[in-house]
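The structure appears right after this line, and notes come after that.
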Amino acid sequence: MSEALEPILRYLLERRGLDFSGCHHPMLERRIGQRLSATACAGTSEYFSYLQANEDELDRLIDVVTINVSGFFRDSLTFEILAERILPAIILEKIRARDHSLRVWSAGCSNGEEPYSVAILIHELLEKEGMAMDVRIFATDIDKGALEGAEKTVYPRTSIENVKHRLLTKYFVAEGASFRLSRKIKELVTFSYYDILDKRHGVPQESVFGSFDIVLCRNLLIYFNTEYQEAVLEKLYHSLAGNGYLVLGEAETPTIKYRRRFTRLIDFSPIYRKRWEER
C-alpha cells in the first residue's frame, strides 16, 4: 500500500470501524483516486485534509471504495442451481427433521437484488409445494446508501434484465421507467449494517445466533488479500448450520487452508457445502 494512503485508511477505521487495509492495493488507489479528481485535490495529503473537514465526503469515499454492481439473478446459473437443487434439498431435510425454519444470510447485499432474488425462489418453491415455513433472510452491507435503496424496492430496468417474464409480471409492478418489487417478497428480507470484518460479532446482530442454511458472500472475497479472506471464511464457516451451503462469486474459491472445510458441489459452480472437520 502506498504510504500516502495510510492516513486515509486509518481515518476510515477510526471514524467508521471499516478496515480496508486488506484490500488489493491497486483497486484502493484507483478508487480513492476517483475522489481526488472529484474534489479537485492535488494529492492524497490535500485530500486527507479535505476528508477530515467534510463529513459528507466520508460517505462518498466509502461508496466509491465499496462499488455496488448487482442485479436480480446475477450469474443466472448459480440461481438456477439454487432453485432446482439446493433449495429443494434443504426443504426435504427440513421436513424430515420437522424443522419449519429457513435461514439465509446475504453478506454484501448491495442494493438488495441478491437477497430479494433468493426470496423469490423460496416463495416460488413453497408456493409450489403448498408449504408454509418461517423464512428469515438477513441482508447486510457496509454501504448505508445501498441499504436505504434496498428498502425502497424500486429498481431500474437494468437491474431486472435477468428476471424471467413470468416472475417479472408476478413480483414487480412497473412505475414509469422503474419497477417496484412486491411487498410479500420485501417482507421476507431484513436489512442491516454489518462489516464482514467485524471482530466483535460473528454474525449480524439482527440474526441473533446465525445457524444459516445458506450464506451468500459473492464477489466480496476478491477485494481482500489472503489473510483477510481467511478471516472472512472462518466467520462464514461458523455462521453456517451443519451441512449449510456457502455461495461465492464466480471467480472466487476458498483459500487452500479452508478447502478441506467445504465441499464443492459441482465443478462449474461456486456453491459449497459445509463439512465438519475433526480437530
Side-chain angles (χ1 to χ4, degrees), residues 1-2 5-29 31-32 61-62 64-69 103-110 114-115 138-144 146-147 191-264 270-279:
M1 169 60 62
S2 168
L5 295 185
E6 289 181 4
I8 296 174
L9 297 185
R10 283 199 303 268
Y11 190 68
L12 284 169
L13 180 60
E14 293 168 1
R15 292 300 306 277
R16 296 295 176 83
L18 303 176
D19 189 349
F20 293 109
S21 61
C23 292
H24 291 299
H25 301 173
M27 180 274 290
L28 280 174
E29 290 171 350
R31 295 186 178 178
I32 293 176
L61 177 59
I62 292 171
V64 166
V65 173
T66 60
I67 286 178
N68 297 298
V69 179
R103 294 170 62 82
V104 179
W105 178 19
S106 171
C109 66
S110 186
E114 176 180 275
F138 301 91
T140 63
D141 205 283
I142 61 172
D143 187 334
K144 294 180 180 179
L147 293 172
F191 290 94
S192 63
Y193 174 91
Y194 181 74
D195 181 1
I196 194 67
L197 295 175
D198 184 351
K199 296 179 180 179
R200 298 167 300 169
H201 304 104
V203 295
Q205 289 180 277
E206 285 72 14
S207 73
V208 184
F209 57 88
S211 193
F212 299 109
D213 299 294
I214 301 175
V215 171
L216 300 101
C217 184
R218 303 194 305 151
N219 306 308
L220 195 60
L221 292 180
I222 56 175
Y223 290 114
F224 302 123
N225 61 29
T226 302
E227 178 185 354
Y228 279 72
Q229 286 181 8
E230 292 182 347
V232 172
L233 287 167
E234 179 74 12
K235 177 175 291 191
L236 299 181
Y237 178 82
H238 289 291
S239 75
L240 283 165
N243 295 322
Y245 294 86
L246 173 65
V247 185
L248 298 178
E250 294 291 313
E252 298 172 323
T253 60
T255 62
I256 293 174
K257 178 180 177 181
Y258 283 85
R259 284 174 194 169
R260 70 179 183 275
R261 303 175 77 175
F262 295 99
T263 300
R264 190 165 190 165
I271 301 179
Y272 300 80
R273 194 163 197 185
K274 179 177 180 177
R275 182 168 60 192
W276 293 106
E277 65 168 351
E278 296 181 3
R279 294 195 174 188

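Because only heavy atoms are used, hydrogens play no part in the values below, and waters and symmetry mates are left out as well, while side chains stay in.
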Exam field: side chain R264 to backbone Y272, donor-acceptor pair closer than 3.5 Å: no

Please list, one pair per line, the donor and acceptor atoms closer than 3.5 Å that link side chains of residues 239-252 to other protein atoms, with sequence neighbours excluded.
residue : atom : partner : partner atom : Å
S239    : OG   : L236    : O            : 2.8
Y245    : OH   : R273    : NH1          : 3.3
E250    : OE2  : T78     : OG1          : 2.9
E252    : OE1  : N219    : N            : 2.9
E252    : OE1  : G249    : N            : 2.6
E252    : OE2  : N219    : N            : 3.3
E252    : OE2  : L220    : N            : 2.9
E252    : OE2  : L221    : N            : 2.8
E252    : OE2  : I222    : N            : 3.1

Closest contact, heavy atoms only, D195 versus K235: O-NZ, 4.1 Å

Aromatic F209 / basic R103 pairing, under 6.0 angstrom, 45° off normal: yes

For F262, ring pair (Phe, Tyr, Trp, His ring centres under 6.0 Å) partners two or more places apart: Y237

OG on S207 to NE2 on H201, rounded to 0.5 Å: 10.5 Å

Results of side chain to side chain contact (heavy atoms under 4.5 Å, CB included) for K257 - residues two or more places apart only: E230, T255, R260

Under the ring pair (Phe, Tyr, Trp, His ring centres under 6.0 Å) test, residues paired with F191 that sit two or more places apart: Y116

Flag side-chain contact, heavy atom, 4.5 Å: L216 against V104: yes

Aromatic ring proximity, centroids under 6.0 angstrom, F138 and W105: no

L233 to P254 - nearest heavy-atom pair and separation: CD1-CA, 3.9 Å

Partner residues of Y258 under the side chain to side chain donor-acceptor pair (under 3.5 Å) criterion, sequence neighbours left out: E234

Separation between CD of E14 and CG of L9, rounded to the nearest 0.5 Å: 11.0 Å

Smallest separation among heavy atoms of L147 and C109, with atom names: CD2-SG, 3.8 Å

Separation of E114 CD from D141 CG (nearest 0.5 Å): 10.0 Å

Between CG on residue L61 and CD1 on residue I8, distance to nearest 0.5 Å: 7.0 Å

Closest non-hydrogen atom pair, C217 against V232: SG-CG1, 4.4 Å

Sequence neighbours excluded - salt bridge (charged side-chain N to carboxylate O under 4.0 Å, His left out) pairs with any residue from residues 206-216: K94-D213

